[in-house]
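Counting starts at 1 for both ligands and their atoms, following the listed order.
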Amino acid sequence: MAITTSLDGKTAVITGSNSGIGLGIARELARAGADVVLNSFTDSDDDHALAAQIAQEHGVTARYIQADMSKGDHCRALIEKAGQCDILINNAGIQHVAPIEDFPTDKWDAIIAINLTSAFHTVAAALPMMRKAGWGRVINIASAHGLTASPYKSAYIAAKHGIVGLTKTVALETARDPITANAICPGYVLTPIVEKQIPDQMKTHGMSREEVIENVMLSRQPSKEFTTVEQMGGTAAFLCSDAAAQITGTTISVDGGWTAL
Ligand code: NAD
């Protein structure tokens with residue numbers, strides 16, 4: 001049977017997609033023909049304009065649905081409002097950098113809620129739709145920090161390791177359905193979440209911006225290049241293709257060799 005990469009007729013819900021990797025993935029899935037649902041916790045004209053721009057550029061339906069991924073009922077409501085969810089991209093994420101003994105409890109709770117627990121809720125709401133449609137793809141955006149650790153990022157690393165574990169469980173629970181569940185593990189991608197870490201890292205390490213990028217961020221990325229949002233989108237589109245129908249319960253590293261070290 002010929003391998004198809006077209007996503008015509010599929011609806012993709014991408015959490016946390018009004019910037020960065022989520023937006024890059026939404027654009028690539030729309031390019032492949034999918035209707036897309038963008039999301040974040042805000043509800044601005046700019047958010048809706050992003051959806052309109054994608055719709056116009058790719059000739060697909062694109063909507064923006066506000067939902068706060070730190071709240072379980074919002075996560076489930078996002079999927080219900082989407083009405084159809086063939087492709088679920090759990091991407092929303094935040095970061096905070098501090099030694100464990102100074103790590104604020106509210107930051108720990110927010111990171112676990114947004115980066116991990118949200119995926120439990122969206123998957124629970126989306127799987128019945130995927131089973132009914134007879135096709136589905138769950139793609140969780142983990143991180144090289146879902147496979148390895150670094151100091152000062154305890155909550156993030158716990159959440160990212162957690163989402164890798166959740167991915168494997170979803171894959172096993174859907175193994176006999178035409179549904180797959182995988183995690184993409186990027187190295188550093190230059191997006192707002194990374195930009196925001198630079199001042200904290202400069203303070204923690206007593207380094208300049210350039211030194212943080214070269215010696216801290218890309219120190220473990222042997223390619224010495226940031227991953228791009230387009231590469232993230234292309235990897236997600238591949239996981240949605242027929243070629244990837246037997247790829248499930250695994251992680252795909254897009255990290256310039258980080259996890260080979
Ligand atoms: P980003 O800050 O550009 O995007 C994060 C997205 O999540 C934004 O759209 C933001 O609005 C949304 N978001 C935050 N809190 C939310 C909430 N409560 N409800 C709904 N949406 C919320 O960052 P990014 O780099 O594009 O990160 C996207 C994902 O990729 C995250 O899960 C992040 O951990 C992961 N990741 C990023 C990198 C990197 O280097 N940029 C590396 C590995 C993993």
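In the vicinity of Tyr156, heavy-atom distances shorter than 4.0 Å reach the ligand 1 atoms 33 (C), 34 (O), 35 (C), 36 (N), 43 (C), 44 (C). Atoms of ligand 1 found under 4.0 Å from any heavy atom of Ala67, numbered from 1 in the order shown, are 19 (N), 20 (C). Every atom of ligand 1 is numbered from 1 in the order shown, and the set under 4.0 Å from a heavy atom of Val194 is 39 (C), 40 (O), 41 (N). Within ligand 1, the atoms closer than 4.0 Å to a non-hydrogen atom of Gly16 are 6 (C), 7 (O), 8 (C), 9 (O), 12 (C), 21 (N), numbered from 1 in the order shown. Near Pro186, with a cut-off below 4.0 Å to any heavy atom, the atoms of ligand 1 are 42 (C), 43 (C), 44 (C). The ligand atoms of ligand 1 that sit less than 4.0 angstrom from a heavy atom of Gly20 are 3 (O), 26 (O). Here is the list of ligand 1 atoms found below 4.0 Å of a heavy atom in Ile94: 14 (C), 15 (N). In the vicinity of Pro192, heavy-atom distances shorter than 4.0 Å reach the ligand 1 atoms 3 (O).
Asn91 and Thr15 share no side-chain donor-acceptor pair at under 3.5 Å. In this model, a donor atom of one side chain and an acceptor atom of the other lie less than 3.5 Å apart for Arg76 and His121. Checking Lys153 against Gln197 by side-chain atom types alone, a donor-acceptor pair falls below 3.5 Å. Asp47 and Ser44 share a side-chain donor-acceptor pair at under 3.5 Å. Side-chain contact, Asp255 with Thr259: a donor N or O sits under 3.5 Å from an acceptor N or O. For the residue pair Asn182/Thr250, the side-chain donor-acceptor check at 3.5 Å is not satisfied.
Scanning the protein for heavy atoms near atom 4 (O) of ligand 1, the closest one is Ser19 OG, 3.5 Å. In this structure, the protein non-hydrogen atom closest to atom 37 (C) of ligand 1 is Ile21 CD1, 3.5 Å. Remark: minimum distance from atom 22 (C) of ligand 1 to any protein heavy atom is reached at Phe41 CD2, 3.6 Å. Nearest protein neighbour of atom 19 (N) of ligand 1, counting heavy atoms only, is Met69 N, 2.8 Å. Scanning the protein heavy atoms around atom 9 (O) of ligand 1, the nearest turns out to be Asn18 OD1, 2.6 Å. For atom 40 (O) of ligand 1, the nearest non-hydrogen atom of the protein is Val189 N, 2.6 Å. Closest protein heavy atom to atom 27 (O) of ligand 1: Ile193 CG2, 3.9 Å. The shortest contact between atom 5 (C) of ligand 1 and any protein heavy atom is with Gly93 O, 3.7 Å.
Atoms OG1 and CD, from Thr11 and Gln84 in turn, are 3.5 Å apart once rounded to the nearest 0.5 Å.
For Arg27, the side-chain contact (heavy atoms from CB on, under 4.5 Å) criterion is met by Leu23, Leu50, Gln53, Ile54, not counting sequence neighbours.
Nearest to atom 42 (C) of ligand 1 by heavy atom, out of Ala113, Gly187, Ser143, is Gly187. Counting only non-hydrogen atoms, the option in Asn91, Asp68, Thr15 that gets closest to atom 32 (O) of ligand 1 is Asn91.
Residue contact annotation: Ala142 has a non-hydrogen atom under 4.0 Å from ligand 1. Not a single heavy atom of Lys71 sits closer than 4.0 Å to an atom of ligand 1.
Screening Ile179, Thr180, Asp177, Asp86 for a side-chain contact (heavy atoms from CB on, under 4.5 Å) with Trp135, the sole residue that qualifies is Asp86.
Under a hydrophobic clustering in which Ile, Leu, Val, Met, Phe, Trp and Tyr are joined whenever their side-chain heavy atoms come within less than 4.5 Å, directly or via other members, Ile163 and Tyr188 fall into different clusters. Criterion: ILVMFWY side-chain heavy atoms under 4.5 Å apart, direct or through other members. Under it, Met69 and Val37 are part of a common hydrophobic cluster.
Between His96 and Phe103, the distance from one ring center to the other falls under 6.0 angstrom.
A salt bridge links Glu195 with Arg209: at least one charged nitrogen is closer than 4.0 Å to a carboxylate oxygen.
Checked against a 3.5 angstrom limit, the closest N/O atoms of Thr191 and ligand 1 fall inside it. For a threshold of 3.5 Å applied to N or O pairs, the pair formed by Ser40 and ligand 1 contains at least one separation below that value.
Only the backbone of Ser17 comes within 4.0 Å of ligand 1, judged by heavy-atom distances. If you look at His74 next to ligand 1, there are no close heavy atoms at all, none under 4.0 Å.
Nearest heavy atom pair, residue Arg131 against residue Thr174, reads NH2-CG2, 3.8 Å.
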